Structures are given as structure tokens and as C-alpha cells.
Amino acid sequence: MRKIILSTESGADLPTDLAAEHNIQVVPMHIIMDGKDYLDGSLPVQDIYDYYDRTKKIPSTTSTNVHEYQEFFSKINKDYPDCTIVHIGYTSKASSSFQHAVMASEEFDNLYLIDALNVTGGLTAIIMHTVKQLEQEPNIEPTKLVEKIEAIIPKSKLAFVPGSLEFLRAGGRVSSVAYLGGALLKLKPRIELIDGHLVSNKKYRGKMSSVSEKFIRDYFERHNIDRGQLYLIYSIGLEEGIKQRMEDIAKEHGFENIKWMQAGAMISTHSGPGGFGIAGVEV
């Protein structure tokens with residue numbers, strides 16, 4: 001039986017300890033700032049916020065290209081001869097990265113590609129569910145594993161509230177009119193991944209301390225999440241008191257295995273500082 005190696009993109013925000021513990025291979029996406037190309041993960045997130053404060057511009061992001069995927073998959077094959085690679089990719093609805101992986105895959109006959117239709121914690125939730133599946137069935141056939149992953153994709157639920165509308169406006173995610181109205185009324189949108197697309201489907205009024213509590217309680221009311229694992233996502237600038245309150249509420253709802261994740265450069269470029277998100281897999 002060939003060893004199965006899991007891989008994904010940096011846009012999963014997969015914590016480094018989980019990646020190392022489970023030997024998950026991560027290929028970086030790109031951040032373009034001041035005309036320079038940085039690999040996601042090599043650039044401190046704070047630099048992005050500092051750049052915006054100076055220029056009122058946000059960096060751009062680009063996907064992993066075909067050549068990088070070819071090198072990435074080739075290295076995995078070199079490091080793990082006779083392996084099977086199962087790549088769980090960043091949503092194709094928000095990036096060309098997955099399509100580039102498809103183009104690169106033509107050179108490999110031991111590679112399975114899965115469009116996870118998710119990002120950050122929602123993508124990590126799918127990856128870690130797959131890790132659990134492999135632990136339970138270490139000799140599972142790759143095709144059977146792929147079927148199980150594809151079945152879980154619609155059950156991965158990611159939602160977040162950005163700390164500020166400024167980055168969404170600067171990046172063209174909200175109009176200037178909507179931004180002005182939201183800013184004046186102190187409204188914060190709830191953004192969810194639905195069929196791979198970012199969708200704003202509710203607005204909360206008030207400070208982040210009260211908004212985050214309403215948001216997390218709404219999430220638990222709407223989704224019956226597997227109590228075995230919950231992912232809480234924060235971007236730099238979220239107050240420690242809010243983080244502690246969110247964890248306490250999660251524990252009140254029966255979650256003990258709670259993993260905090262910091263939004264990386266790829267996600268932070270679009271969502272800005274001080275945001276909060278939550279992800280898990282429905283039962």
C-alpha cells in the first residue's frame with residue numbers, strides 16, 4: 001500500500017504544529033506589496049497592516065503558479081518515493097490556484113486533486129477531518145478516501161466577521177456607499193463560504209466585543225458542529241478578552257478540543273485586522 005501524503009495551500013492557514021505533526025505539505029501562495037513578490041508565510045502579517053496605514057492601499061495576492069506546483073509535487077515524490085498525493089485545495093471560486101494545480105497534475109499519475117471550496121479554517125477543518133480518517137483507516141484506498149473527503153466538503157462551515165470594513169472597501173469587496181453606511185452605523189457583516197463563494201448574509205451592530213458574541217451564538221444555533229474539533233480564527237488586533245470570551249462560549253456548547261488559528265497574510269490582506277472567525281464540520 002502506497003503511503004498517502006496530504007497537501008494544501010498556505011491559504012488554509014493550517015497551524016504549523018498541525019502541519020508538522022501530521023506531515024501535511026503546504027505550498028505558498030503570493031503577496032505582492034511595493035512591487036515585490038513575497039511568498040505567503042515569509043511576510044509578517046503586521047507588515048501588511050503597516051503598509052496600509054502608510055499608503056491606504058492593500059497588497060494584492062496571486063495564486064501558486066503551474067511551475068511552482070510542478071516543483072512542489074515533484075519534491076513530495078522525491079521525499080516520499082512510491083507515495084500517493086492527495087491535494088486538498090483552496091476554493092477555485094476565489095483563486096486560480098486550483099486550476100494551476102490541475103494543469104500541473106498532467107505530469108503525475110499518483111496525484112488526486114480535490115477542490116475544497118473553502119479557505120482558512122474551513123479548509124483546515126476538511127484537512128484535519130481527513131487526517132482523522134487516515135488514522136482510523138490507515139490502509140484506505142486513495143479513491144475511497146477522496147470519496148469521503150468530497151462528502152465532507154459541504155459540511156465544513158466557515159463564517160467570520162472582519163474587524164473593519166476598510167480592507168474590504170480598499171480591496172473592492174464592498175462599495176464606498178456600503179462602506180460609508182456601515183461605518184456610520186457601526187455595522188459589521190457576517191461573511192460565509194457558500195459553495196466556494198464569499199457571501200455576506202447578515203450584519204451586526206455594535207462593538208466587536210458584543211458583535212463577536214452574537215455571531216458565535218448564531219453560528220452554534222445554525223450549525224450542529226462535530227464536538228470533536230472546533231477552529232477559532234483571529235486576525236492580529238483582536239482583543240485577548242474577546243478571544244477568551246469566545247473560547248468560554250465554545251466550551252459552554254460542549255467543545256473541549258478548540259484550536260486557535262491566526263489568519264495568515266493571504267487571508268489578512270482581504271479581511272484586515274481585528275477579525276474573528278469560526279469553522280467546523282457538521283455532523
Side-chain angles (χ1 to χ4, degrees), residues 1-15 18-29 63-66 68-158 193-197 223 225-226 228-229 231 259 261 279-283:
M1 172 66 67
R2 285 182 161 188
K3 180 179 178 62
I4 293 176
I5 300 294
L6 301 179
S7 66
T8 192
E9 286 96 359
S10 60
D13 290 335
L14 181 68
L18 293 181
E21 179 182 355
H22 302 289
N23 195 31
I24 301 164
Q25 308 299 303
V26 181
V27 64
M29 300 169 92
S63 60
T64 308
N65 62 45
V66 176
E68 288 170 324
Y69 272 117
Q70 290 170 336
E71 290 191 331
F72 177 64
F73 294 136
S74 294
K75 185 177 187 307
I76 295 175
N77 280 319
K78 181 179 178 181
D79 292 343
Y80 305 95
D82 298 322
C83 73
T84 296
I85 304 169
V86 176
H87 182 77
I88 305 174
Y90 193 95
T91 176
S92 64
K93 308 296 184 181
S95 170
S96 59
S97 192
F98 188 77
Q99 183 57 39
H100 292 164
V102 171
M103 295 168 67
S105 70
E106 297 174 2
E107 295 187 6
F108 305 93
D109 59 6
N110 64 328
L111 172 61
Y112 293 84
L113 299 177
I114 300 167
D115 182 354
L117 296 175
N118 225 310
V119 302
T120 189
L123 179 48
T124 283
I126 295 168
I127 293 165
M128 295 311 297
H129 189 276
T130 305
V131 167
K132 184 178 179 180
Q133 190 70 53
L134 281 170
E135 290 174 346
Q136 294 173 344
E137 298 182 70
N139 295 320
I140 189 172
E141 290 290 337
T143 53
K144 186 65 175 177
L145 178 65
V146 168
E147 289 177 7
K148 289 180 178 289
I149 298 170
E150 290 176 340
I152 211 69
I153 285 173
K155 298 180 180 181
S156 180
K157 303 299 179 180
L158 166 69
L193 257 287
I194 299 176
D195 296 327
H197 296 280
H223 303 298
I225 299 297
D226 182 351
Q229 183 72 75
Y231 300 92
K259 183 70 175 179
M261 302 170 53
V281 175
E282 285 187 318
V283 295

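Side chains included, hydrogens not; waters and symmetry mates left out as well; all remaining heavy atoms used. The model shown is predicted, which means the values in this text are computed figures rather than measured ones.
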Spacing of [atom1] belonging to [X] relative to [atom2] belonging to [Y], to within rounding of 0.5 Å:
X    : Y    : atom1 : atom2 : answer
Y112 : I4   : OH    : CD1   : 8.5 Å
N139 : K144 : CG    : NZ    : 15.0 Å
L145 : E150 : CG    : CD    : 10.0 Å
T91  : L117 : OG1   : CG    : 5.0 Å
I5   : C83  : CD1   : SG    : 5.5 Å
L14  : I24  : CG    : CD1   : 5.0 Å

Which heavy atom in [X] sits nearest to a heavy atom in [Y], and how many Å separate them?
X    : Y    : result
A151 : P154 : O-CD, 3.4 Å
A104 : Q70  : CB-CG, 3.7 Å
R2   : T84  : CD-OG1, 3.4 Å

Solution key, residues 122-133 side-chain donor-acceptor pairs under 3.5 Å, sequence neighbours excluded:
residue: T124; atom: OG1; partner: A12; partner atom: O; Å: 2.8
residue: T130; atom: OG1; partner: I126; partner atom: O; Å: 2.8
residue: Q133; atom: NE2; partner: E137; partner atom: OE2; Å: 2.6

Sidechain-backbone polar pair: [X] side chain, [Y] backbone, donor-acceptor under 3.5 Å:
X   : Y   : answer
T8  : I88 : yes
Q99 : S96 : no
T64 : P28 : yes
S10 : M29 : yes

H100/E68 under side-chain contact (heavy atoms from CB on, under 4.5 Å): CA gap, chis, key distance, verdict:
CA-CA 9 Å; H100 292 164; E68 288 170 324; over 6 Å; no
Do F98 and S63 come close enough that some side-chain heavy atom pair is under 4.5 Å?
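F98 does not reach S63 side chain to side chain.
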So do L134 and L6 actually touch side chain to side chain, heavy atoms under 4.5 Å?
yes
Check the surroundings of atom NZ in K93: do more than 12 heavy atoms from other residues, nucleotides or ligands lie under 6.0 Å from it?
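Counting neighbours around NZ of K93, 12 or fewer heavy atoms of other residues, nucleotides or ligands fall under 6.0 Å, so no.
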Assess whether side-chain contact (heavy atoms from CB on, under 4.5 Å) is satisfied between I153 and N118, documenting all intermediate values.
CA-CA 8 Å; I153 285 173; N118 225 310; over 6 Å; no
Partner residues of Y69 under the ring pair (Phe, Tyr, Trp, His ring centres under 6.0 Å) criterion, sequence neighbours left out
F73, H87
